[in-house]
Amino acid sequence: MKYSAPKGMQDILPPDIYLWQHIESTARSLFFRYGFQEIKIPIIESTDIFVRSIGAATDIVEKEMYTFQDKAGRSITLRPEGTASAVRGYVEHSLYNLPSPQKFFYSGPMFRYERPQKGRFRQFYQIGVEAFGVSQPSLDAEVIVMLKNILESIGLRDLGFEINSIGDEQCRPNYKRALVDFFGKNLNELCPDCRRRYATNPLRILDCKVEQCIGLRQGAPAVTDYLCGECREHFDELLSMLQSMNIRYTLNPNLVRGLDYYTRTAFEVTSGHLGAQKAVAAGGRYDKLVKEFGGPPTPALGFAIGMERIAALLKEIAPVDSPAPRVFIATLGKEAEIEGFKIAEDLRTIGLWVEPNYGGASLKSQLRKADRLGAEFAFIIGENELKVGKIQWKNLKKGGQGEVEINDLAPFLRGV
RNA sequence: GUGGGUGUAGCUCAAUGGCAGAGCACUGGACUGUGGCUCCAGUGGUUGCGGGUUCGAGCCCCGUCACCCACCCCA
C-alpha cells in the first residue's frame, strides 16, 4: 500500500458516517432548544492564543501542538481545542455588549501530536459549547443538564457523571500548598511520574494509577475542603440544583483539569465500555479567561464532546441505519436506459433517492445490485415496457410485482 | 517521549524452514427478462519494506515503517 492517512488520522466512511451524522444532528436539535447558536472558528490560530489560554507548562503546549510558520513568518498552530478560539472571537467581536448569557456551539477537528491509542487520535473531532457572561451556578446546571440530555438522546446509557470544584485563584493556591505539604512527607515513595508532578502540577498526583500512589493519597486533603466562601457557595448551589432536577452524579474530589484556565466547576462524563481513554465529554468553568484575552471580566463555562468516543459507544449498542435508495431502475437496452434516466430525474424532483442502471449488466445482476443497495423497489424497463409505456415494479422488501404507467410513478410511490 | 503486541487477498484468518491457502466479499454462470437461498466457476498476493542466515524464508536474525494496546497526557 503506497499511501495511507497520516498517523493518528482516519477517514470516516459510510456506514460509520451515519453514526456521526446522527450524533451531530441530535446535538444540534438540543442546542436549539437551549439557545446555543452555532459559530465557525478557525482551525488555526496564532500560537500565542493557545499558550496563553491552555498554559505554557501543560503537555499540550509543550509537546503536542502542530505548530509551524506561515509564509510571513508568523507562528501558527492547528487548534488542539476549541475554547481558546471561542474566547478570542468573543472578545474580538465585543460580544460582551450583547445580552448575557451568550451561548455558542461549534463542531470540527482538533489536532494534538500524541501517540495514538484506543479512543485517541491526532486529528479528533469535538462538538464544543461555550456560554459567556453568567456566574450563577444555574448556568452550570443548565449546561450539565443539556449535556446529559444530548448524550441520552443520542442513545447512550450507563454513563458516569463526575463533578468537582477546583476553586479559583483565591483558594486553589492554599489547596496546592496543603497538597504539597501532604505528599512532601512521603516524596520518596511516590512513583517517578508523581515526583515529577509534585514539582509541576501536584493536583495530578490525585489521579495517578500506580497502586503505591493510590495508597499514599489516602487521607490527602480534598480540594472541596479548601474552597473559599464564594466557591463553596457556588458549588453547593450547583449540587442542590442538580439534585432537584434528579441528575445523578458522583462527587470526585480527584477530578482535576489539565488546562490552566479552569476555575470552580469541573465535570466529566465517562463510560466503562471504552479503553483507558474513557471520557466522552468534559468541561468546566473558566471565569478568568475572557479578561486574560483582553475583554472585561466575564465568567464563562463550556464542555466538549469527543466524537470518536461517542461513535464507538453508539456502534456497540445501537447500530444506526444507513440510508438506502427508494428505487433502483433496472433497464435492458440503450433505449430503456435513457428512459430510466428520465424517470430517475422525475422522481428525484420529489425528493427520492433513485439509482439508475449504468448500462451493460444482465437483469439478474442489476436486481442483485438493487438488493445489495437495500433499495425498496426495483423498476424494470425493457422493450416490452417501452412499447406499452409501463414499467414492472418489484417490491424488494415485501415481495410482490406488478406494472404501472410511467406517468403514474410518483402517485404509485406515494401510495405504498 | 516510554513499554508491549501484531503485520499474509478488499475483510477475518490458516500454512513443522519445503508448491501461499480457506471462509466471507466481488464478478459471472446454473436460471435467454427477475434479487435474497443453494451449487459451480472466475478475478484478486512483490506474505509491510530493506538487509542477513540457509540448498531453500511467510516462518529464523537485524534494521525500518505502519497499525493496535498501555504509560504519559487528555475529548
Would you check if the distance from the ring center of [X] to the ring center of [Y] is below 6.0 Å?
X	Y	answer
Tyr90(A)	Phe132(A)	yes
Phe105(A)	Phe36(A)	no
Phe377(A)	Phe412(A)	yes
Tyr249(A)	Phe161(A)	no

Taking [atom1] from [X] and [atom2] from [N], how many angstroms apart are they, rounded to a whole number?
X	N	atom1	atom2	value
Leu386(A)	G33(B)	CG	P	16 Å
Tyr113(A)	U2(B)	OH	P	11 Å
Arg368(A)	G33(B)	CZ	P	13 Å
Lys369(A)	G36(B)	NZ	P	15 Å
Leu367(A)	U27(B)	CG	P	13 Å

Should Lys390(A) and Glu385(A) count as an ion pair when the cut-off is N to O under 4.0 Å?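 No.
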Salt bridge flag under 4.0 Å for residues Arg196(A) and Asp193(A):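 Asp193(A) and Arg196(A): salt-bridged.
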Within the distance-only criterion (no hydrogens, no angle test), does the side chain of Asp140(A) pair as donor or acceptor with the backbone N or O of Arg285(A) below 3.5 angstrom?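 No, the answer is negative, given that no donor and acceptor are paired below the 3.5 Å cut-off.
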Listed pairs, N/O of protein and of nucleotides 23-25 of chain B, under 3.5 Å:
none

Could you measure between the two [atom1] atoms, the one in [N] and the one in [M], and give it in whole Å?
N	M	atom1	result
U16(B)	U12(B)	C1'	24 Å
U27(B)	G35(B)	P	15 Å
U47(B)	U8(B)	C1'	4 Å
G21(B)	C37(B)	C1'	27 Å
G36(B)	G44(B)	P	25 Å
G4(B)	C49(B)	P	24 Å
C13(B)	C65(B)	P	25 Å
A30(B)	G17(B)	P	46 Å

In B/S/- notation (B base, S sugar-phosphate only, - none; protein heavy atoms under 4.0 Å), nucleotides 66-75 of chain B written 5' to 3' is -S-SBBBBBB
Of Ile317(A), Asp158(A), Leu156(A), which meets side chain to side chain contact (heavy atoms under 4.5 Å, CB included) against His273(A)?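 Among Ile317(A), Asp158(A), Leu156(A), the one that satisfies the side chain to side chain contact (heavy atoms under 4.5 Å, CB included) with His273(A) is Asp158(A).
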Nucleotide paired to U16(B) in any strand shown, Watson-Crick or G-U, under 3.5 Å: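 Paired with no nucleotide.
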Could you grab the distance from atom CG of Leu147(A) to atom CD1 of Ile247(A), nearest 0.5 Å is fine?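 That separation rounds to 10.0 Å.
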With distance as the sole criterion, do the side chain of Gln401(A) and the base of U34(B) form a donor-acceptor contact below 3.5 Å?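 For Gln401(A), whose side chain was compared with the base of U34(B), there is a donor-acceptor pair (under 3.5 Å).
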Remember a base hit wins even if backbone is also touched, and classify Glu81(A) as base, sugar-phosphate or nothing at under 4.0 Å, heavy atoms.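 The answer is nothing, as Glu81(A) stays clear of every strand by at least 4.0 Å.
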Could you check whether Glu385(A) gets within reach of a base, just the sugar-phosphate, or nothing at all, counting any heavy atom under 4.0 Å?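 Base: the residue Glu385(A), judged by heavy atoms under 4.0 Å, touches a nucleobase.
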Should Glu345(A) and Lys342(A) be marked as a salt bridge (Lys or Arg N to Asp or Glu O under 4.0 Å) after you check the CA-CA gap, both sets of side-chain angles, and the distance that decides it? CA-CA 5 Å; Glu345(A) 276 306 300; Lys342(A) 282 161 64 182; over 6 Å; no
OP1 or OP2 of G35(B) less than 4.0 angstrom from a side-chain nitrogen or oxygen of Lys364(A), does that happen here?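 So the side chain of Lys364(A) is within the cut-off, an N or O lying under 4.0 Å from OP1 or OP2 of G35(B).
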